[in-house]
Amino acid sequence: MELFKSKKFRTGSIKEEEGFIAFGIKDTVEFDASANRAPMDLETYISGLRTNNLGDYGPDKLPELRIAGRFMGQRGPFAKLQDADGIIQLYMQKGKMGATEAAQELTDKVVKLLHIGDYIGLVGELFVTQTGEVTIKVKELHFLSKALRNLPIVKRDKEGNVYDAFTDPELRYRQRYVDLVVNPHVREAFVKRTKMYNSIRNFLNEKDYLEVETPILQPLYGGAAARPFKTHHNTLDMTLYLRIANELYLKRLIVGGFDGVYEFSKDFRNEGMSRFHNPEFTQIELYVAYKDYEWMMNLVEEMVEKVALDVNGTTKIQVGDNLIDFKRPWKRYTMYEAIEHFTGIDISEMSESEIFATAKKLHVPVDETMGKGKLIDEIFGEKCEGELIQPTFITDYPVEMSPLAKKHRTKPGLVERFEAICNKKEICNAFSELNDPIDQRERFEAQLELGKRGDDEAMVLDEDFLRALEYGMPPTAGLGIGMDRLAMIMTNSNSIQDVLFFPQMKPEDQGEEAQEAETE
RNA sequence: GAUCCGGUAGCUCAGCUGGUAGAGCAUUUGACUUUUAAUCAAAGGGUCCCGGGUUCGAACCCCGGCCGGAUCACCA
């Protein structure tokens, strides 16, 4: 155990811990905290204590409380215990803990040896102190587990000022377990993220859509324009790709006869990282037969409004400097309308060369290789997207940018597609799905051309997907929502790393500790 | 990938024009059984991110690298 001779550890107390064992107090198995909130829910009981309204549990019928958690500091007989629900004060009176005199003596010794981070279990009863704080009077204390490393504890005073906060982003992301213990707001953000998933699941399940799972390892990557991660299967001796999207598989299931399917999909894209991009991220994709993009727009509004309510209890969310309101209905612009709204220029009737000239005039960086669709997309991205704070639907995109979307029923050159943009970022992308196998083949072939010209993110042709379409796919509305981006908004997070438990990091230099460990 | 900022004790940070390393909390020991970020006293604790250079002398200046953050680019 050479490692523990390092100064980093509380060497003095290690030996004492052997003492704990000798005392027979280290009863990790024996102590059962599962009954910790019985017979009355602790929150209810605490509010009852505070309001002097305990019903059947009056002062003479105090329920015994069993609870376990981390010991988080001590001042005199008062200490703090942190468990999954928060922090509660303990009252540990010398000589009063334990059933027998011997037990009391032992417990006092153990208390002396407790450190921040240690796990203890205890039996006690609740009371309110003179200063009005709900506190557990400890009747019995069990030592459960030792923290060898010091937790970087954060202190808060009455005014809410924070001292010595654990803030270094590198340490927080690399040691998320520590971040979670000492930063309650971090824990809250991740609880919200899970509520978000549950909200969407409940919403879609109530509509009888089927949650499904499709392959992550794919022989061809499709459904989006992105560079993939590549791997190799030894037995089959073949190249496989980690999916960049699951779109083409879900559509196969629509062909197979399901009316509505969805999947929370971990996708992987081998591209740059930023505060909006992690190499692995999550989308939910949803496909519903016999519907179109107009219908899907209404569903998105309804669903995201519900998510906001389920997660935060309100449709209004403060995100950075902006108060974002998800209350229906959201603003809707066609892409042409949006450009006209933000630049004053109507490009809907313009030719490619006129649009090129317009882009130049607006100082949008463009070059001669860009087609009409790309030019429009650039103008929108440059002049409109950054203006959209409140959730807004942008509809009817140029066909060149959307090889899987159905051509617009009345507007040539456009597809039936929309994105919802919120806080300057796309949060979803949806279309009336292209279900014409002949058109789809042509679009794939156009993508192949782009690939030949060096676009390494152009889509590849998926012959089996085309075969599926050739068997007939009903008219279908499809949707993808970036769950991480949505979680960032719902939790007012500035970086995608704040909504991922373990964001991708370069490996840290473990030289020192690895060497220490090797000498064991 | 480019630019800017940062990396000093377990954590949060100071460290001036270059002169042999500091604080608070945490830790250890002792006292105190009290309230509530921080009781008192004492002690221990450092590869100043790494490598090279300049200098009598480098945490500090110069060069190269590593890691992180922000912005931009890329990425629908």
Side-chain angles (χ1 to χ4, degrees), chain A residues 6-16 72-80 87 89-97 108 111-113 115-117 129-133 135 147-175 178-179 182-183 223-227 244-245 269-279 281 365 373-374 376-378 380-381 385 394 397-398 400-405 417 419 421 425-426 428-429 455-459 480 482 494-495 497 503 505-512 515:
Chain A
S6 159
K7 303 286 194 301
K8 205 173 290 179
F9 296 101
R10 305 194 266 226
T11 49
S13 56
I14 303 298
K15 283 176 193 143
E16 300 296 347
M72 291 299 270
Q74 184 176 14
R75 172 93 195 270
F78 292 97
K80 282 173 182 161
I87 291 179
Q89 180 164 268
L90 307 179
Y91 185 63
M92 303 196 301
Q93 208 175 7
K94 211 185 228 174
K96 296 283 174 65
M97 296 173 287
D108 290 345
V111 168
K112 275 202 76 131
L113 295 170
H115 296 116
I116 288 175
T129 64
Q130 290 169 1
T131 57
E133 175 152 356
T135 300
L148 296 180
R149 293 178 190 255
N150 298 314
L151 281 172
I153 58 157
V154 180
K155 308 207 165 187
R156 290 170 187 80
D157 66 16
K158 279 179 207 154
E159 283 78 43
N161 298 315
V162 175
Y163 303 83
D164 299 334
F166 182 61
T167 51
D168 184 319
E170 183 169 1
L171 288 175
R172 288 186 45 229
Y173 300 149
R174 288 197 194 281
Q175 302 184 37
V178 175
D179 193 26
V182 301
N183 287 326
R227 287 191 294 267
I244 58 173
R269 296 188 184 177
N270 205 341
E271 290 172 347
M273 290 166 63
S274 77
R275 69 191 184 92
F276 294 103
H277 299 85
N278 194 67
F281 64 104
K374 182 74 179 162
I376 295 168
D377 194 61
E378 285 295 318
F380 176 80
E385 202 165 22
I394 303 297
Y397 282 63
E400 295 90 332
M401 313 302 301
S402 317
L404 300 168
R417 170 177 172 185
E419 289 189 0
I421 298 180
K425 283 281 168 189
E426 167 196 341
C428 84
N429 182 17
D455 183 348
D456 55 358
E457 293 182 339
M459 290 186 189
N494 201 39
S495 166
Q497 297 171 113
M505 304 280 274
K506 282 203 181 183
E508 65 187 312
D509 182 11
Q510 291 190 326
E512 187 189 337
Q515 280 167 20

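The figures here come from the full heavy-atom set of this structure, side chains too, leaving out hydrogens, waters and symmetry mates. Lettering of chains follows the sequences in order, A, B, ..., and the numbering in each one begins at 1.
Comparing atom distances between the Asn150(A) side chain and each of A26(B), G69(B), U33(B) picks out A26(B) as nearest. Listed nucleotides: A26(B), C74(B), U12(B). Nearest to the side chain of His277(A): C74(B). Out of U27(B), U36(B), C75(B), the shortest distance to the side chain of Thr131(A) is found at U36(B). In the set G68(B), U36(B), U33(B), the nucleotide with an atom closest to the side chain of Pro77(A) is U33(B). Of the candidates G68(B), C13(B), A26(B), the closest approach to any side-chain atom of Thr167(A) belongs to C13(B). Candidate nucleotides U35(B), A70(B), C11(B) were compared by shortest atom distance to the side chain of Pro152(A), and C11(B) ranks first. Closest to the side chain of Tyr173(A), from the set A38(B), U35(B), G69(B), is G69(B).
Rounded to a whole Å, the CZ atom of Phe276(A) is 15 Å from the P atom of C74(B). The separation between Gln89(A) atom CD and U33(B) atom P is 18 Å, rounded to whole Å. Whole-Å rounding puts the Lys112(A) NZ to A31(B) P distance at 5 Å. Rounded to whole Å, atom P of U27(B) lies 16 Å from atom CZ of Arg149(A). When rounded to the nearest whole Å, the span between OH of Tyr163(A) and C1' of U36(B) equals 13 Å. Straight-line distance from the CG atom of Asp168(A) to the P atom of G6(B): 14 Å, rounded to whole Å. Residue Lys80(A) contributes atom NZ, which lies 11 Å from atom P of A26(B) at whole-angstrom precision. Atom CD in Glu385(A) sits about 13 Å away from atom P in C72(B), given to the nearest Å.
Remark: the separation of the P atoms in A58(B) and A14(B) is 24 Å, to the nearest Å. Of the P atoms belonging to C11(B) and U47(B), the separation is 12 Å, rounded to the nearest Å. Using P as the reference atom, G65(B) and A2(B) are 10 Å apart when rounded to the nearest Å. As rounded to the nearest Å, A23(B) and A9(B) have P atoms that lie 14 Å from one another. Across the C1' atoms, G46(B) and U27(B) are found 15 Å apart, a figure rounded to whole Å. G24(B) and C32(B): their P atoms are spaced 24 Å apart (whole Å). Annotation: G15(B) and U35(B) have their P atoms spaced 39 Å apart (nearest Å). Across C25(B) and C66(B), the matching P atoms stand 39 Å from one another, rounded to whole Å.
Between the Asn183(A) side chain and the Phe166(A) main chain, a donor and an acceptor come within less than 3.5 Å of each other. Judged purely by atom type and a 3.5 angstrom limit, Glu271(A) has no side-chain atom pairing as donor or acceptor with the backbone of Met273(A). Judged purely by atom type and a 3.5 angstrom limit, Thr131(A) has no side-chain atom pairing as donor or acceptor with the backbone of Thr129(A).
Atom CG of Asp108(A) and atom CD of Gln93(A) lie 10.0 Å apart (nearest 0.5 Å). Atom OH of Tyr91(A) and atom NZ of Lys96(A) lie 7.5 Å apart (nearest 0.5 Å). Put simply, CG on Asp164(A) and NZ on Lys155(A) are 7.5 Å apart, with the number rounded to the nearest 0.5 Å.
Across all strands shown, A58(B) forms no Watson-Crick or G-U wobble pair with both key distances under 3.5 Å. Across all strands shown, nothing is found opposite A26(B) as a Watson-Crick or G-U wobble partner with both distances under 3.5 Å. Base-pair partner of G68(B): C5(B) (Watson-Crick or G-U wobble, both distances under 3.5 Å). Searching all strands for a Watson-Crick or G-U wobble partner of C16(B) with both distances below 3.5 Å returns nothing.
Between Gly272(A) and Lys506(A), the residue anchored closer to the 5' end of RNA chain B is Lys506(A), taking for each the nucleotide with the nearest heavy atom. Taking the nucleotide of RNA chain B with the nearest heavy atom to each of Ser402(A) and Thr129(A), the more 5' of the two is matched to Thr129(A).
Counting non-hydrogen atoms under 4.0 angstrom, Asn429(A) reaches a base of the nucleic acid. Among the protein residues, Phe78(A) comes within range of the nucleic acid bases, having at least one heavy atom under 4.0 Å from a base atom. Residue contacts shown for Met459(A) include a base, since a base heavy atom lies under 4.0 Å away. Counting any heavy atom pair closer than 4.0 Å across all strands shown, Arg227(A) reaches no nucleic acid atom. Within the nucleic acid shown, Gln497(A) comes within 4.0 Å of sugar-phosphate atoms alone, with no base atom in reach, counting heavy atoms only.
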